[in-house]
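In this text, all values refer to a predicted model and were calculated from it rather than measured experimentally.
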Amino acid sequence: MIVLGIETSCDETAAAVVDDSRQVRAEVVLSQLDQHRPYGGIVPEIAARSHLDHLDGLIAEAMRRADLRFVDLDGIAATGGPGLIGGVMVGVTMAKAIAAVAERPFIAVNHLEGHALTARLTDDVAFPFLLLLISGGHCQLLIVEEVGRYRRLGTTVDDAAGEAFDKGAKLLDLGYPGGPAIERAAASGDPARFALPRPMVGRPEPDFSFSGLKTALRQRVAELGARGPLAAQDRDDLAAGLQAAIADCLADRTERAIAIARTRRPDLAALVVAGGVAANGFIRGRLQEIATAADLRLVVPPARLCTDNATMIAWAGIERLRRGYIDGLDFAPRPRWPLDPQAPRAIGAGVKA
């Protein structure tokens, strides 16, 4: 079984061809970082136009590298949401067109499910497992019971961890994207110098909150800035403090979620960490400590598969196609698409819950 995957949910345009033996036959990613960097964040209209300009060429290149024609495929999968709706529409429309012309199944993939199932591509993780999904737009803890079956244990009530990194880097004038910039600066910093809060730590429900942490960082920057330009060591120490605070929050909330998950699924196979923030080495180290203490296998996909990519979409397409999950050409792209639609809204949570 061979599936073409298309990813256009945010600021990467990507295409990949994957087969059911877990072989990635081709993967192509075009980053838009240079286009968005001057604005300090993603501009949705710029992102959508870039997808429109480049997607057909990237698909052609992926098919050339895989040495395949569209009629050789068993399905065409595309991110159907959640994401910036303009970009999602570009990818879905392209996938539908290919599926219609080649007379092949179209599979609309939930972008978050793509992240969730990547560990089954890279490490053949068995169900059920606990997923910590940490990215720029999402921060959730879920039990992954099967393809299409997710039980949310915790979610952010305001901002995601990746957003905290991006906003923190902006406050510290470290550039964009914020995650790698904070990690580089933190390597030379003292995480204990500034007292930054650990929101939600110790609470019984494994939810997250990062808005108060961002506010505390902004206040520290303002206090130091009142005496003149921020010194390089001050900046590094604040970066280290922010990174440590985020890691402590993630570790504490994950530890709580493991305890809850085991009461529901004693056969829990692993702790899987996915999403762009999973590329942070310091955070991976803290989560390894939590997993080891809980006698759980920690699985973190390679960095290139933690950020947005089409390989995960193609693999999720294979997982869904195996089970007969096929979508009609009338599928409507979705800017919001929760993995567990039955989960109650977290108290105080916004639309990202």
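- Both Ile143 and Ile290 are assigned to one and the same hydrophobic cluster, defined by single-linkage of ILVMFWY side chains at heavy-atom distances under 4.5 Å.
- What you find for Val157 and Ser209 is that their closest heavy atoms are CG2-CB, 3.7 Å.
- For the pair Asp252 and Arg203, the salt-bridge criterion is not met [side-chain N within less than 4.0 Å of a carboxylate O].
- Annotation for Phe210 and Cys249: closest pair CE2-CB, 4.0 Å, computed over non-hydrogen atoms.
- A salt bridge does not link Arg65 with Glu27: every distance from a Lys NZ or Arg NE/NH1/NH2 to an Asp or Glu carboxylate oxygen is 4.0 Å or more.
- Taking a 6.0 Å sphere around CE of Met89, one finds it holds 12 or fewer heavy atoms contributed by other residues, nucleotides or ligands.
- Under the 4.5 Å side-chain criterion, counting only non-hydrogen atoms from C-beta, Phe127 is not in contact with Leu268.
- There is a side-chain donor-acceptor pair under 3.5 Å between Thr13 and His51.
- Note: Trp337 and Phe331 meet the aromatic proximity criterion, with ring centroids under 6.0 Å apart.
- At least one donor-acceptor pair closer than 3.5 Å links the side chain of Arg22 to the backbone N or O of Arg120.
- Using a cutoff of 4.0 Å between basic side-chain nitrogens and carboxylate oxygens, Asp340 and Arg152 are not scored as salt-bridged.
- How far CD1 of Ile313 is from OG1 of Thr79: 3.0 Å, rounded to the nearest 0.5 Å.
- No side-chain donor-acceptor contact under 3.5 Å links Arg256 to the backbone of Asp207.
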task: Applying side chain to side chain donor-acceptor pair (under 3.5 Å), run through Gln243 and Asn280 and close with a yes or a no.
output: CA-CA 9 Å; Gln243 179 177 258; Asn280 182 289; 3.0 Å; yes
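- Atom NZ in Lys170 sits 10.5 Å away from atom NZ in Lys214 (nearest 0.5 Å).
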message: Before you tell me yes or no, could you show the steps for Phe70 and Leu4 under side chain to side chain contact (heavy atoms under 4.5 Å, CB included), namely the whole-Å CA-CA distance, both residues' side-chain angles and the distance that decides it to 0.1 Å?
response: CA-CA 9 Å; Phe70 291 133; Leu4 167 68; 4.2 Å; yes
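- By the 4.5 Å heavy-atom criterion applied to side chains, Ile6 and Met94 are counted as neighbours.
- Looking at Leu131 and Val273, their side chains never come closer than 4.5 Å, going by heavy atoms from C-beta outward.
- Arg104 and Asp74 are not joined by a salt bridge, as no carboxylate oxygen comes within less than 4.0 angstrom of a charged side-chain nitrogen.
- Using a 4.0 Å cut-off between charged side-chain N and carboxylate O, Asp234 and Arg193 make a salt bridge.
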